[in-house]
Engineer: 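Mind looking over this structure? Questions follow.
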Amino acid sequence: MTDTAARPQAEGSFAAGFSWAMARDLTLAWRHPDEAVLTVAFFALVASLFPLGIGAEPQLLARIGPGVIWVGALLAAFLALPGLFATDYADGSLEQMTLSPHPALGWAAGKVAAHWIVSGLPLTLLSPLIGLQYGLAPDTLGIQALSLLIGTPVLSLLGGACAALALGARGGGMLLALLALPLFVPVLIFGAGAAEAQATGMSPAPHLSLLGAGLIASLVGLPFAIGTAVRIAVD
Amino acid sequence: MTDTAARPQAEGSFAAGFSWAMARDLTLAWRHPDEAVLTVAFFALVASLFPLGIGAEPQLLARIGPGVIWVGALLAAFLALPGLFATDYADGSLEQMTLSPHPALGWAAGKVAAHWIVSGLPLTLLSPLIGLQYGLAPDTLGIQALSLLIGTPVLSLLGGACAALALGARGGGMLLALLALPLFVPVLIFGAGAAEAQATGMSPAPHLSLLGAGLIASLVGLPFAIGTAVRIAVD
Amino acid sequence: MTGKHRSGAPDVLQVRDLACRRGPALLFSGIAFEVAGGELLCVRGPNGCGKTTLLRCVTGLTRPDDGVISWHGQPAQVDPERMRAGMAYAGHLPSLKDDLTAEENLDFSLRLRGARTTADERREALASVGLDKRRRIPARRLSAGQRRRIGLARLALDPAELWVLDEPLTALDDAGQELFISLLDRHLARGGLALAATHHRLAPPSAVVRELRLG
Amino acid sequence: MTGKHRSGAPDVLQVRDLACRRGPALLFSGIAFEVAGGELLCVRGPNGCGKTTLLRCVTGLTRPDDGVISWHGQPAQVDPERMRAGMAYAGHLPSLKDDLTAEENLDFSLRLRGARTTADERREALASVGLDKRRRIPARRLSAGQRRRIGLARLALDPAELWVLDEPLTALDDAGQELFISLLDRHLARGGLALAATHHRLAPPSAVVRELRLG
Amino acid sequence: MNWFYFSSPSTFYGLAGRLAPWFFVAAALLAAWGLYLGLLVAPTDAQQGEVYRVIFIHVPTAWMSMFLYFVMACYCGLSLVFNTRLSAMMARAIAPTGALMTFLALWTGAFWGRPTWGTYWVWDARLTSELVLLFLYFGYMALANAFEDPRRGDRAAALLALIGVVNLPIIYFSVQWWNTLHQGSSVSFKGTSMHVTMLTGMLVMSASAWMYAIGATLVRVRSVILERERRTAWVRSLGAA
Amino acid sequence: MTIWWKSWSDFWAMGGQAFFVWMSFGALLVAIVVEMLSLRLRRKRALDAIEEERDLETEN
Ligand code: HEM
Ligand SMILES: Nc1ncnc2c1ncn2[C@@H]1O[C@H](COP(=O)(O)OP(=O)(O)OP(=O)(O)O)[C@@H](O)[C@H]1O
Ligand SMILES: Nc1ncnc2c1ncn2[C@@H]1O[C@H](COP(=O)(O)OP(=O)(O)OP(=O)(O)O)[C@@H](O)[C@H]1O
Ligand SMILES: [Mg+2]
Ligand SMILES: [Mg+2]
């Protein structure tokens, strides 16, 4: 063989791909911290739109609180989705990722992880504050935050898969909605269910364990699905 | 002067710009009817998420019905916004529009009109159905639809202005949320207020006339603002 | 600026004292030139010297830091619509809609320019750039060169007096380049004028070609 | 296919019987070629003949309708990761992030390719393509040619054996084109191989250049 | 006096530096006087009790929140029409102080509302439009900083500020146009329904807030000028000294 | 211009509404402190940026 040995041949690995994608997306997000700030601002805005539209009776608010917070979280997570792959697709970065020696599993998971850190995590941290506005009890607030902590990564993973699928397709963001929202619904039900169970004096454990099971299943299956969807999109 | 007179010099006009933009955007939308279908689907989904997150007690639902429908409409209108100028910006069409002999007022208004026909109108037409699910009374349904009919064009105009301003900015959708949602709030309040007044036996007229005044003011001022914002964006 | 020779026609486009800064640096300043009917002015210079910026300043897309652009003897700010009606700009971006066919793309871009053309004229123009068979295919399915050719067809039908062209030969094969040259030649012969930024040699046979060196 | 002459090196890339259809039409079929270390294969043909499609089939981005691509004697499907590690693709799209600086763009794209480079190497590579002063500017502020030059710096540091290049000379000025040729020449002299689709003449002095005509 | 002389950032930088301390001194003196009147001298309000003393910050900050927005919008208009650099910088410098004033009006209003209306917050027209004002300030700042090229940010944000001006009359007249919980104007040109010490205290505090806002804006605009002109020769020589 | 209050403790108690009054005046104080600090910080940052750039320039 020829003397390309002068330069060591490239080696791909899951870890390298994961850390590459995460580092890059976090750098991009850090360059514009507004994005993360704005996710949170959106969440806060949606949560305050409801008292506007519905009126501000304390019991009513406490009653719909957990549901509204989860719907707000879901919409905020959802809004951040189109950006997850769209720009990488348009500027050709996705082609390069598909052609890189790192397995698709790695960079797909890395991108979703970065997305969660920028959108899901701040949202989870903010939720107790919003909950206070709706007059939720302290223990309910805790369960609410816990359910978001388990639930939002599932949202990011599911959303990532849908975003990747919708990439090449026409209709853009709306198609995404149609695909992602129905998948989000079970997460919403168990997530809001946990806080509501706590509020009404029942045990939130069954809901939470279901959410956890969902998280594990998504972690195992979805990054691979995302990689495959991206490969189809760039063809 | 030279003999370019062989080809008649181009003439610009408001009407030509308006009809050009509307025809083009409707053609594009028609090529993918999914977009319009999906706006409506998103609206329907958001509206049905609430009973899921909150639980389905009839009185509670009837109470929050108008608010939820308006919030759903607002979010659907909002989600359709980024697409309004983004692709035209990315592929250079906006540059060509700014350089066309037609005044900016014309094509800006045309684009917003097309956007409303594709997103706001179907949503208004669907609202009575959703209202029925929430158990609203027939007269409330009518006022609800009327308030949407007056209010959604305002949302499209305001949203269009914000989308044009946010063009090329980092932070994308989230910045748009920060800009647009606070401006949407008054529309939401008066819109939902109209239906609620009707539901509680008061006159919806003051709310509706305020909405109407808002519509007239937006029609007069905002297309011009949109044109200016686009001009700033392509610089 | 090196002019081979100047025709006697009156100057249609006059630029005086143009300056533009980008970030910290002054890209160019004190640029002055005029172009008369039948003339082609080529803007040349290495990558990043400001050719694109200069062209955009002339069209009015970018606001220059200094200088005056006159159109038929009148500053362009006075009646920008008039200058826009008389000027066609073809920049780096294609301004094609991927979902529309070649035919529809051409139709819409001409209507935006306020040009009145018939379907036959448009069809003929597309045929002349070699897209006859592909005029019903969505633009996203066309090759890089075929997409550029839609732009050529647009130029051929645009009534504008001034063409402002940024890298017009990109992605075109030899036949495509010849086609472009002949289009440009016809435009200039008719009394039109053109301003182009390019790394290639442009030599339409019947025209006065001048050069402006930047950087 | 016209080969000037063939070196004795073993073939690294072998393509047999490749066919691809787009829409109703067969773009090409029965395409076969092989490229050995030190060789450059130029794919030529008029606009829309399928050059880009051919290149994408070879890289594995597009699935061909028929044919086998072998890498070091083994069909590429058997171990796609191995072929991907040994191949760098530079297509129509720049794969630059507008918000990252030239330096960061280069760093991330090399890490994605699994290449280990030091900051000094990257800085030097950027300097060699003339971006020394602009390496801290976000890519969106760079001119068309400067953006392409980041791609040249990337190629210079990529350890890949095979370069797949689609219109590599687009938007480059004369100095940039020479720069690219010398990079390509160094790559080939080292025993690398390259596959390029272009409308320009490419003649790196020390290499075997062959042509594949399509359409 | 040659206004163009001072509209150049480099001269204005010096001028602002010399003027700002005086505005702060004036603000401090007026505040001391106003707080003395408001907190120590003024009598209790018959209906509301002592909590009415919130008025001495609520009203001045509420007025300033609107007034600063108006001034900011004027600068924005100037910068859009005449492309003057300094007015864009002034607008940027005003925004944070304006947002602060808006926030204070909301906050003090909320703590006033709890004992008088029994709630911290209601969605009535004035409160809502004041909240929208806060978001307009935030939107202005976010948009102005969202662009790579600061001058693009200036122009886009200026347009937003001009669109938002519509909100000002809504805030101001909301108590007249709608039947709101918020009370109507008690200061008018025809006369006032207030105790004279209260009125003086409120006006003095307003003057103080005004001086403070000018001072803060001048200090901030100096930083903005430095950020924006940091590559010019005069800034270079400035730092080297 | 006589002082209204009988004693300091009266003053601090604000007729039983101390919480609301002092939350408001306290917020004013905090706001001014925060703004002053942010003004300082912004000026320092601007000067640092100038310094840094000058260093970079002399280095090249
Ligand atoms: C968060 C809640 C509140 C907000 C956003 C708010 C906002 C405002 C604004 C913007 C103004 C100036 C309007 C103008 O000059 O006409 C104002 C004035 C005033 N507010 Fe409030 N306010 C709030 C709560 C309250 C409460 C609870 C009270 C007392 C019960 C109150 C009493 C007043 C009074 C007396 C004025 C002076 C009116 C005048 O003389 O013009 N406000 N408020
Ligand atoms: N759905 C379709 N129907 C008909 N033709 C199609 C379809 N999709 C693609 N094509 C054709 O396939 C070809 C794609 O060619 P490709 O992009 O590979 O060309 P190329 O040789 O790279 O051209 P260029 O020199 O212009 O870049 C084009 O001629 C295009 O018109
Ligand atoms: N914010 C900035 N800071 C520094 N330089 C900048 C900034 N914005 C733009 N530039 C520079 O301004 C120039 C813009 O040039 P322009 O795009 O007009 O070049 P061009 O002559 O068209 O080049 P090409 O031949 O590559 O297309 C580039 O050199 C770019 O690096
Ligand atoms: Mg250029
Ligand atoms: Mg091609």
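Throughout, a chain's letter reflects where its sequence line sits, starting with A, and its residues are numbered from 1.
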Engineer: Any carboxylate oxygen within less than 4.0 angstrom of a Lys/Arg side-chain nitrogen, looking at B/D235 and C/R56?
Structural biologist: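 Answer for the salt bridge query: no.
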
Engineer: Looking at every non-hydrogen atom in both residues, tell me the closest pair between B/A108 and B/G227 and how far apart they are.
Structural biologist: CB-N, 4.1 Å

Engineer: I'd like to know which of C/G60, C/S95, C/P138 tops the heavy-atom pair count under 4.5 Å against chain B.
Structural biologist: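 Most heavy-atom pairs within the cutoff with chain B belong to C/S95.
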
Engineer: Can you tell which part of C/L96 gets under 4.5 Å to a heavy atom of chain B, answering side chain, backbone, both or neither?
Structural biologist: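 The backbone, not the side chain.
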
Engineer: Quick one: of C/L93, C/T62, C/L61, who has the most non-hydrogen atom pairs under 4.5 Å with chain B?
Structural biologist: C/L61

Engineer: Starting from the C-alpha separation in whole Å, work towards a yes-or-no answer on salt bridge (Lys or Arg N to Asp or Glu O under 4.0 Å) for C/K97 and B/D91.
Structural biologist: CA-CA 8 Å; C/K97 286 284 148 196; B/D91 68 18; 3.0 Å; yes

Engineer: Does any backbone or side-chain atom of B/S13 lie under 4.5 Å from a heavy atom of chain C? Answer side chain, backbone, both or neither.
Structural biologist: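 For B/S13, no heavy atom lies under 4.5 Å from chain C.
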
Engineer: Could you look at B/A21 and say if it's the side chain, the backbone, both or neither that has a heavy atom under 4.5 Å from chain C?
Structural biologist: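 Neither part; nothing is under 4.5 Å.
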
Engineer: Highest number of heavy-atom pairs under 4.5 Å with chain B: which of C/E81, C/R84, C/M83, C/R111?
Structural biologist: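 Top option by heavy-atom pairs under 4.5 Å: C/R84.
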
Engineer: Restricting to non-hydrogen atoms, name the atom on C/L183 and the atom on C/L152 that form the minimum distance, rounded to 0.1 Å.
Structural biologist: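 It is CD1-O, 3.6 Å.
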
Engineer: Angle class for the B/W20/C/F108 ring planes (parallel below 30°, perpendicular above 60°, tilted otherwise)?
Structural biologist: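 Geometry flag for C/F108 against B/W20: perpendicular rings.
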
